[in-house]
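Quick caveat: nothing in here was measured; it's all calculated off a predicted structure.
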Amino acid sequence: MYRDYYCNEPNEKLIGQDVKLSGWINKRRDHGGLLFIDLRDRSGLIQVVFDPDNLKENEFHWNQFRSEWVIQVQGVIQKRPEGTENLNLPTGKIELIAKNYKVLNVSKTLPFELTDFKEETDEIIRLKYRYLDLRRSQKYEILNLRHKVVKFIRDYLDTNGFLEIETPILIKSTPEGARDFVVPSRNNQGQFYALPQSPQQLKQLLMVSGIDKYFQIVKCFRDEDPRSDRQPEFTQLDLEMSFVTQEDVLNLTEEMFTGLIKSLDIDKKFNSPFQRMTYDSAMELYGTDKPDLRFDMQIKDFSSLSKDNPFKVLSNTIKNKGVVKGLVVPGGSAFSRKKIDSLVEYTRELGGSGLIWIVLEENPGSDDFEFKSVVRKYLDLDYVKNISTTHNAKKGDMILLVAGENKHTLEILGQLRNKLGRDLDLFDKNELNFCFITDFPLFEWDEENKKWTSSHHPFTMPHEEHQNNITIDNASDIRAYCYDLVANGSEIASGSIRIHKKEMQEEVFSILGYSKNETNELFSQLLDAFEYGAPPHGGIAPGIDRIIMLLSGTENIRDVIAFPKTQSGFDPLFESPSQLTAEQLNELGISIKNPENNSN
RNA sequence: GGCCCCGUGGUGUAGUGGUCAACACGCCGCCCUGUCAAGGCGGAGAUCGCCAGUUCGAACCUGGUCGGGGUCGCCA
């Protein structure tokens, strides 16, 4: 036996007892004739005292000890002498007096320090030595949190009658959605599997099988550029239920998330019940389908007040079927000119033609209304008074206006709103604000490829009133039983009620531009199944990584994944992706187009 | 693919045209029996990501390139 306790377990009740502990040397304080070490494992630290009077001889003398050596110590737990307690440590009132020890392994000097008080080492170095980075307590806590979340979900869904079922990782490439990661087949040269972007069709087939309630905590793969909240492989809780309506799925989701957060001992407050908002109002009020509702500052419509304005930038936009919309920034008059200019620049980076800012000046002791703006000479006082009154802007505030096409204008203002929320500290970092966004459009117009695409995925059920009229002509009007769970401006889960009738599914595919042949080729496994009594069904898929980000307060998805990849999809630890040998390529029947990229 | 930011001993930083590239932590050695981010003294360790250019002279300026981060496109 290597140990009797984890390092943080001994307490005053064990005083006088003989115990054995094992762990890493976190820190060594060598006083010449006396050595203190902090012995560390995943649970924490305990101070061990090496005093020559108490120690047996050993192959290593204790003054050879170095950081990160792995040792086993046997000794007696002792109350620390008066005045030497360390209240920063849970074990700070006691210490282990070493009587015997064994060096289980030595360690080279680490490439970076694990101490918490230093500034963070460059991430690429930490990823290369991820196994060392993960020794740090903050990293362990995140992995522990992740374990608890997944454990809760499994228990909760088990209690509610769900079956956890595995689905294949080697499946078939489909043209919809993200780029696939592909795997060449040796037995079928020239043919490829694809890794699932999600087990979507498989779980629907399980519903046809009568499984009724399915879930899986499963890796999904999308060969698209990573972001701070996106990795090429990530984990979803994929779940599906038969004989359910949208309301059933949302209620289950809400109950699960509420129960989850309550089960965790974390310092976060959250709203209950969750808010509900349609996609259309989210876009109109917040300029995004994932609004951060921890703060207000809704987008306001200034169009009708601006349509006759002599300032052509405003009136001409309205004439050309555009809009003038904007934000009232509370206390915005305190912004420096430099700060305002950076907002204008930010708007341009987002593709906006410009940002009109109007600072309503604070005039203590006077009722005079005055304002500042770079377009001051084009704007009259009455207009500014008018829009201020209508949209409740007060002295000391700033009005920001964007003129242009409606959707683009809203999206720009949505991003500006998020930036201002961050810059002005408008929200409480310890708050979790959950909201279901519902009634997404079934289709979206893809301007680049001049075709309709699914806004969620092609298996989404349209609302009843559109079900008998799924045509190209009204494609933009069709709303769907499709929903997202959004928290603090981040999409946490996404789901829908699915189509379960072959004819309706075929109508949707035809609007997406698939011929009958293509539909059969790519989706016959699902369409055939629908002919054998497919039940109504629907589900949702929360992103596990994002849930952990939210709960742990981290801003980067790499922090919640044990072995993540960089933004270029590189794994610095294994140095993958990597080349194959000539024999491997030959066996797969693959030749490399640019041999200079493969020197094997 | 576009845009923005970053790259200096092992780690984190300073250094914006001119002698041996500075500091902290870490590391090595010596001293030290109550420290806990121990302390004291001493020491080693960097051709400033890479390539080219400008210049009498480049860590510093310019161009390119590689790597990292953020973001837009992309992500059914």
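- Residue Arg558(A) places at least one side-chain N or O under 4.0 Å from the OP1 or OP2 atom of G70(B).
- The backbone N or O of Lys407(A) sits less than 3.5 Å from a side-chain atom of Glu405(A), completing a donor-acceptor pair.
- Here Gln200(A) lies in heavy-atom contact (under 4.0 Å) with a base.
- Atoms CD (Glu123(A)) and P (C5(B)) sit 20 Å apart, rounded to a whole Å.
- Comparing the P positions of C3(B) and G73(B) gives a spacing of 16 Å, expressed to the nearest Å.
- Contact annotation: Asn556(A) reaches the phosphate of G70(B) (side-chain N/O to OP1 or OP2, under 4.0 Å).
- A salt bridge links Glu224(A) with Arg179(A): the distance from a Lys NZ or Arg NE/NH1/NH2 to an Asp or Glu carboxylate oxygen falls below 4.0 Å.
- Aromatic stacking is not marked for His31(A) over G34(B), as the cut-offs of 5.5 Å for the centres and 30° for the planes do not both hold.
- Base pairing of G39(B): its partner is C31(B), meeting the Watson-Crick or G-U wobble criterion (both donor-acceptor distances under 3.5 Å).
- For G68(B), one of the phosphate oxygens OP1 or OP2 lies less than 4.0 angstrom from a side-chain nitrogen or oxygen of Ser568(A).
- Taking side-chain N and O atoms only, Gln47(A) has no distance below 4.0 Å to OP1 or OP2 of U35(B).
- Taking atom CZ of residue Phe36(A) and atom C1' of nucleotide U33(B), one finds them 8 Å apart after rounding to whole Å.
- As a whole-Å value, the separation of Gln415(A) CD from U71(B) P is 10 Å.
- Between Arg227(A) and the phosphate of C74(B), there is no side-chain N or O to OP1/OP2 separation shorter than 4.0 Å.
- Distance, Phe112(A) CZ to U13(B) P: 14 Å, rounded to whole Å.
- Using C1' as the reference atom, A52(B) and C66(B) are 14 Å apart when rounded to the nearest Å.
- Base pairing of C61(B) is made with G53(B), judged by Watson-Crick or G-U wobble geometry with both donor-acceptor distances under 3.5 Å.
- Distance from the side chain of Asp51(A) is smallest to U33(B) among G68(B), C74(B), U33(B).
- Taking only distance into account, the side chain of Gln567(A) never meets the base of G67(B) through a donor-acceptor pair shorter than 3.5 Å.
- Counting any heavy atom pair closer than 4.0 Å across all strands shown, Leu35(A) reaches no nucleic acid atom.
- In this structure, Ile25(A) places its CD1 atom 17 Å from C1' of A37(B), rounding to the nearest Å.
- Contact check on Asp423(A) versus Lys339(A) returns a salt bridge, with a Lys/Arg side-chain nitrogen under 4.0 Å from an Asp/Glu carboxylate oxygen.
- At least one donor-acceptor pair closer than 3.5 Å links the side chain of His457(A) to the backbone N or O of Phe459(A).
- Cation-pi geometry between Lys172(A) and Tyr193(A) is not met at under 6.0 angstrom from the ring centre and within 45 degrees of the axis.
- Distances from the side chain of Asn86(A) to the nucleotides U35(B), C75(B), A37(B) place A37(B) closest.
- Ion pairing of Arg29(A) with Asp38(A) is present here, as a side-chain N (NZ or NE/NH1/NH2) and a carboxylate O approach within less than 4.0 Å.
- Ring centroid separation for the pair Tyr101(A) and Phe50(A) comes in under the 6.0 Å cut-off.
- Dashed line: the shortest gap from a side-chain N or O of Arg29(A) to OP1 or OP2 of A38(B) is under 4.0 Å.
- Both distances falling under 3.5 Å, in either a Watson-Crick or a G-U wobble arrangement, place G7(B) opposite C66(B).
- C74(B) atom P lies 18 Å from atom CG of Asp180(A), rounded to whole Å.
- Rounded to whole Å, the C1' atom of C48(B) lies 11 Å from the corresponding atom of A58(B).
- Separating the P atom of A21(B) from that of A38(B) is a span of 31 Å, rounded to the nearest Å.
- The phosphate of A37(B) has neither OP1 nor OP2 within less than 4.0 Å of any side-chain N or O from Lys27(A).
- Taking the P atoms as reference points, A37(B) lies 25 Å from C23(B), given to the whole Å.
- Toward the 5′ end of RNA chain B lies the nearest nucleotide of Leu110(A), the other residue of the pair Asp53(A) and Leu110(A) mapping further downstream.
- Listed nucleotides: C32(B), U35(B), U33(B). Nearest to the side chain of Asp30(A): C32(B).
- The side chain of Thr84(A) sits closest to C36(B) out of C36(B), G69(B), C72(B).
- Between the C1' atoms of G26(B) and G43(B), the separation comes to 14 Å (whole Å).
- Pair assignment for C23(B): G12(B), on the basis of Watson-Crick or G-U wobble contacts that are both within less than 3.5 Å.
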Requested in this report: Report the C-alpha distance between Tyr279(A) and Phe440(A) in whole Å, list the side-chain angles of each, state the deciding distance to 0.1 Å, and finish with yes or no for ring-ring contact (aromatic ring centres under 6.0 Å, His included).
Outcome: CA-CA 5 Å; Tyr279(A) 168 85; Phe440(A) 279 76; 5.1 Å; yes
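- A donor and an acceptor atom sit less than 3.5 Å apart, one in the side chain of Arg230(A) and one in the base of C75(B).
- Without hydrogens or angle criteria, Gln246(A) side chain to Ser496(A) main chain gives no donor-acceptor distance under 3.5 Å.
- Contact annotation: Ser228(A) side-chain N/O to G69(B) OP1/OP2 distance is not under 4.0 Å.
- The CD1-P distance, from Ile557(A) to U71(B), rounds to 12 Å in whole Å.
- No hydrogens or angles were tested; on distance alone, a donor-acceptor pair under 3.5 Å links the side chain of Arg80(A) to the base of C36(B).
- Closest to the Asp225(A) side chain, of the nucleotides G68(B), G26(B), G1(B), is G1(B).
- Residue Pro81(A) is classed as a base contact, given a heavy-atom separation below 4.0 Å to a base.
- Side-chain proximity of Glu224(A) to the nucleotides G68(B), C74(B), C36(B) is greatest for C74(B).
- In this entry the distance linking CG of Leu114(A) with C1' of G10(B) reads 13 Å, nearest Å.
- Contact annotation: Thr109(A) does not reach the phosphate of G10(B) (side-chain N/O to OP1 or OP2, under 4.0 Å).
- Of the P atoms belonging to G34(B) and G40(B), the separation is 16 Å, rounded to the nearest Å.
- A donor and an acceptor atom never sit less than 3.5 Å apart when one is taken from the side chain of Asp122(A) and the other from the base of G7(B).
- Mapped onto RNA chain B by nearest heavy atom, Ser454(A) and Glu85(A) fall at different nucleotides, with Glu85(A) at the one closer to the 5' end.
- Distance check on atom P: A14(B) versus A24(B) gives 16 Å, rounded to whole Å.
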